[in-house]
Protein chains: 2
Amino acid sequence: MNKIFPNIGSERETDRLMFSLVHAASELEKRYEAALFPEGLTGPKFAALSKLVLAGRPLSLGELAGELTCVRSNITQLVDRLEADGYVVRLVDETDRRTVLASITELGLAHQKAGAKRVEELLEALSESLKGIDLDAFGKVLSVINLTGT
Amino acid sequence: MNKIFPNIGSERETDRLMFSLVHAASELEKRYEAALFPEGLTGPKFAALSKLVLAGRPLSLGELAGELTCVRSNITQLVDRLEADGYVVRLVDETDRRTVLASITELGLAHQKAGAKRVEELLEALSESLKGIDLDAFGKVLSVINLTGT
DNA sequence: TCTTCATTATTCATATATGAATAAAATATT
DNA sequence: AATATTTTATTCATATATGAATAATGAAGA
């Protein structure tokens, strides 16, 4: 599904560029997901595992929700699936019995590592294909859009 | 949820740019959805209604799926919701009784028009804030990424 | 014509996302 | 200490997306 701008065929240059930008982003996401697929991972699963690896310790589901900027109930479900995959286990935090910790398993670690390698290859290839292009102007436009209040 | 690139804090410039690109796209989408919300529309609902308006005739669900580049079962559900909203009605195609046509209602038309106005305002504002920026280089980078096979 | 094949939409299972309502536990207030 | 509030995760309802399996209909070929 084209999530945005049903492409009414606008004349304005910025319209076409914004359409193209959204398309490029979704293209990137597709390649990213495709890179992770052989390792039994999806984008959200890899993101969660990567946060655990980066932290180097079990994280509470609330912390994970914060890191991944999403709602708690989302993490509950994601961790359900990761647990079903055997990539993560739930632990109770004995210092605060409300808290549930997600702890990455050996299997999860192995898959995260493999996924990270694939993603690195993807970014490396992308970097290669963008060689010799003026990225400064690109960054400037992005920063304008990224100013959240326009 | 950060759909992509769990932001491991890479040094490579292109990595940061790709992250920024995905972020910009999701920012745009958020504003787009926010613009449509007051008109009782979401992105997918508005996209479907807009295709019907653009066509100027009822479209089969298969045609809609093609226009919106998504799977048929997705459209079945989307049209269910649009029908529940009263924005669309289902008609049987008498020339091919397998086919179901989605036909926009007066109410749907009114909401699409209102939504289109909001989106136009959003794009107008965006175009304004990008005035004076070199969009050529931007377009070039996007076109590289949009070459689906890299 | 009758059987086979293709096409259409729907249903079902699943993944991802949000937000409201709930339950359990910790903290604060009286 | 007892009550009230806050914080934690889960459950539920819903929206959006995919893909596999199914049912109904149409088209092609024997």
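Convention: sequence-line order gives letters A, B, ...; per-chain numbering from 1.
- Per the geometry, CZ belonging to A/F37 stands 13 Å off C1' belonging to C/dA15, to the nearest Å.
- Put simply, CG on B/L41 is 15 Å from C1' on D/dT16, counting in whole angstrom units.
- Place A/L101 and B/T42 on DNA chain D by their nearest nucleotides, and A/L101 ends up nearer the 5' end.
- A close approach under 4.0 Å does occur between a side-chain nitrogen or oxygen of A/R81 and OP1 or OP2 of C/dT16.
- Computed from coordinates, the B/E63 CD to C/dT7 C1' distance equals 14 Å when rounded to whole Å.
- In this entry the distance linking CG of A/D80 with P of C/dT16 reads 11 Å, nearest Å.
- Legend: ring pair (Phe, Tyr, Trp, His ring centres under 6.0 Å) pairs involving residues 68-114 of chain B, not counting sequence neighbours, sorted by first then second residue: B/Y87-B/H111.
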Which atom pairs link the protein and nucleotides 25-28 of chain C when you take only N or O atoms and keep those under 3.5 Å?
{"from": "C/dA26", "atom 1": "OP1", "to": "A/R97", "atom 2": "N", "distance (Å)": "3.0"}

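- Partners of B/R90 according to the side-chain hydrogen bond (donor to acceptor under 3.5 Å, both in side chains) rule, which considers only residues two or more places apart in sequence or in another chain, are B/D80, B/E83.
- Rounding to whole angstrom units, CD1 of residue A/I75 and P of C/dA17 are separated by 8 Å.
- Rounded to whole Å, the distance from CG on B/L59 to C1' on C/dA9 is 15 Å.
- Between B/Q77 atom CD and C/dT16 atom C1' there is a gap of 13 Å when expressed in whole angstrom units.
- For A/S127 (side chain) and B/T14 (main-chain N/O), no donor-acceptor pair under 3.5 Å exists by modelled atom type.
- The residue B/V71 sits close to a base: some heavy atom pair falls under 4.0 Å.
- To the nearest 0.5 Å, the span separating CG on A/L64 from SG on A/C70 amounts to 8.5 Å.
- Taking the charged nitrogens against the carboxylate oxygens, B/E63 and B/K51 have no contact shorter than 4.0 Å, which rules out a salt bridge.
- Both B/V100 and A/N74 lie close to DNA chain C; mapped to their nearest nucleotides by heavy-atom distance, the more 5′-ward contact belongs to B/V100.
- Judged purely by atom type and a 3.5 angstrom limit, A/S129 uses its side chain to pair as donor or acceptor with the backbone of A/L126.
- Within the nucleic acid shown, A/T76 comes within 4.0 Å of at least one base atom, counting heavy atoms only.
- Using a 4.0 Å heavy-atom criterion, one finds that A/S60 contacts the sugar-phosphate atoms exclusively.
- Here the side chain of A/S73 is nearest to one of C/dA9, D/dT11, D/dA9, namely D/dT11.
- The existence of a salt bridge linking B/K131 and B/E128 is confirmed by a sub-4.0 Å separation between a basic side-chain nitrogen and an acidic carboxylate oxygen.
- Note: CZ (B/R72) to C1' (D/dT25) measures 13 Å, nearest angstrom.
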